[in-house]
Amino acid sequence: MSLYPELKGLYHLRETIGSGGFAKVKLAYHALTGEKVAVKIMDKRQLGPELPRVTTEIAAMKELCHHHICKLFQVIETETRFYLILEYCPEGELFDYIVSKDRLEEDEARIFFRQIVAAVAYIHDVGFAHRDLKPENLLLDEEQNIKLIDFGLCAKPKGGMSSYLATLCGSPAYAAPELIAGKQYLGSEVDQWSMGVLLYALLCGFLPFDDENISQLYKKIKHGTYSSPEWLSEESKELIAHLLQVDPKRRITIPDLLQHEWLTHGFNVPIEWQSKYKKNLDDDCVIELSVHHGKKRVDMEDEIQEWKYDYLTATYFLLLEKKRKGKPVRLLLKP
Ligand SMILES: [NH3+]CCCOc1cc(-c2cn[nH]c2)ccc1C(=O)Nc1ccccc1
């Protein structure tokens, strides 16, 4: 008797690869392509007040399609569970990578931070603020590319990114002063602050604001008091200081960040933040699916473009993944 009957024949479940609070994440194989995926399983009865986080995350991830954001392939909802079928990131959390190396050299930190800035620039452009940026929510794929996860606390202000938010959320050590002060804030500005904490963590291996006593921690954040280890270059100290500006109006903005000299050093081009994923359907994938389902190509295209985030959506995206990796664009089983 399968623990997860809704996945039978669709995904072959393997070991648990992560868990966080109300969710368990398991490695699985997508039956039709043989590709690995991550299955985030949430029990509705355990979610309780966290239920809105799941609907928020699903709605956001359906709108986000970027090479540095963990891709959502399929959503399965039953009476008692949610299953999110997600892009598999075999190299785990950036958090563990930093810990394994104590701290990163500037060149390596720059490569990761350019990818993080690209992902955040994209989600802000689409109208979302993540609001929980931290190394635990940045995973690494097989090529050590950054993949942003956990959109459960993200916000898409109705009036756009210039509209103020007020909800207190995120992880205290990464939270901006205006957020912990309970003031109204702009989602883009709190994400910029969190990126400052992230950059500091990449280059130092520890947090700029840390204290076991939460009110002492809040005091340090509110005053923006942190120390700069002697190994930090002047340029990285300047960039960190511009991100960790207590006054959100003096904090560096994404457009300035994209062409900042610390970030372009050695690259000499601004960060290319737009999504690399193509908007139009891939012919090879459509043809393979139409043959598999015995449908006319035009009918197959119409069905795929409904983007129902069902098994067909997952199979299309995973065929595209196979093509990107240079594998044959073929499905494994006949119906
Ligand atoms: N800190 C990450 C732990 C593992 O969590 C995930 C892993 C993957 C993953 C692993 N490989 N590929 C994708 C995809 C999504 C998650 C995730 O959303 N976790 C989570 C977030 C908030 C609350 C509870 C759980």
Side-chain angles (χ1 to χ4, degrees), residues 4 7 11-30 33-77 81-100 112 115-116 119 123 128-155 167 169-175 194 197-198 201 207 309 314 317-318 321 324-325:
Y4 306 103
L7 302 182
Y11 298 94
H12 305 306
L13 279 180
R14 293 293 181 272
E15 69 272 17
T16 297
I17 52 177
S19 60
F22 51 86
K24 179 187 291 188
V25 183
K26 287 176 141 331
L27 169 64
Y29 288 86
H30 176 260
T33 58
E35 288 293 290
K36 289 178 182 174
V37 293
V39 184
K40 184 175 177 180
I41 305 167
M42 292 161 279
D43 185 314
K44 289 182 175 179
R45 293 158 297 194
Q46 293 170 7
L47 278 169
E50 302 287 351
L51 183 65
R53 274 184 73 158
V54 182
T55 46
T56 299
E57 179 166 48
I58 292 169
M61 292 194 88
K62 283 182 176 178
E63 280 196 63
L64 299 170
C65 188
H66 189 273
H67 48 292
H68 289 312
I69 293 172
C70 186
K71 189 77 192 77
L72 174 69
F73 295 138
Q74 183 175 359
V75 177
I76 300 172
E77 181 178 357
R81 284 194 187 116
F82 282 106
Y83 299 91
L84 300 192
I85 314 298
L86 296 156
E87 181 178 6
Y88 177 53
C89 307
E91 295 301 313
E93 296 179 7
L94 179 62
F95 178 90
D96 295 322
Y97 183 76
I98 299 168
V99 167
S100 73
F112 284 129
Q115 296 181 12
I116 295 165
I123 62 171
F128 286 96
H130 187 278
R131 300 199 298 183
D132 199 15
L133 294 173
K134 55 186 178 181
E136 298 89 326
N137 284 341
L138 292 161
L139 303 183
L140 300 171
D141 70 4
E142 65 286 346
E143 294 156 6
Q144 286 221 323
N145 289 309
I146 288 281
K147 299 282 181 180
L148 179 57
I149 60 165
D150 188 7
F151 288 82
L153 294 176
C154 78
T167 314
C169 60
S171 312
Y174 295 83
S194 302
V197 178
L198 257 170
L207 294 170
Y309 282 85
F317 279 128
L318 287 161
E321 269 295 286
R324 189 184 64 80
K325 294 174 190 170

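Both ligands and their constituent atoms are indexed starting at 1 by order of listing.
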field: Non-hydrogen atoms of S171 and K134 that approach each other most closely
entry: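 Shortest heavy-atom contact: OG-NZ, 2.7 Å.
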- prompt: For L153 and G170, which heavy atoms make the closest approach, and how far apart are they?
  reply: CD1-N, 3.7 Å
- request: Assess whether side chain to side chain contact (heavy atoms under 4.5 Å, CB included) is satisfied between V37 and L86, documenting all intermediate values.
  value: CA-CA 6 Å; V37 293; L86 296 156; over 6 Å; no
message: Over 60° means perpendicular and under 30° means parallel, so tell me whether F317 and F73 are parallel, tilted or perpendicular.
response: tilted
query: Is any N or O atom of N137, backbone or side chain, closer than 3.5 Å to an N or O atom of ligand 1?
result: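 N/O-N/O distance below 3.5 Å does not exist for this pair.
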- request: Could you say whether the N/O atoms of C89 and ligand 1 ever approach to under 3.5 Å?
  value: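 Checking ligand 1 against C89, an N or O pair does fall under 3.5 Å apart.
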Under 4.0 Å from a heavy atom of [X]: which atoms of ligand 1 are those, numbered in the order shown and with their elements?
X: L139; answer: 7 (C), 8 (C), 9 (C), 10 (C), 13 (C)
X: L86; answer: 14 (C), 15 (C)
X: E136; answer: 1 (N), 2 (C)

field: Closest to atom 2 (C) of ligand 1 among M61, E93, E91, K134 (heavy-atom distance)
entry: E93
message: Using heavy-atom distances only, which candidate in K36, E87, K40 approaches atom 20 (C) of ligand 1 most closely?
response: K40
More than 12 heavy atoms of other groups within 6.0 Å of F22 CZ: yes
message: If you take the centroid of each ring, where Trp contributes its six-membered ring, are Y11 and Y83 closer together than 6.0 Å?
response: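 Between Y11 and Y83, which both carry aromatic rings, the centre distance is not below 6.0 Å.
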Taking 4.0 Å as the limit for heavy-atom contacts, which would you say applies to [X] with ligand 1: side chain only, backbone only, both, or neither?
X: A38; value: side chain
X: L84; value: neither
X: I17; value: side chain

- prompt: Side chain of D150, backbone of D132: donor and acceptor closer than 3.5 Å?
  reply: no
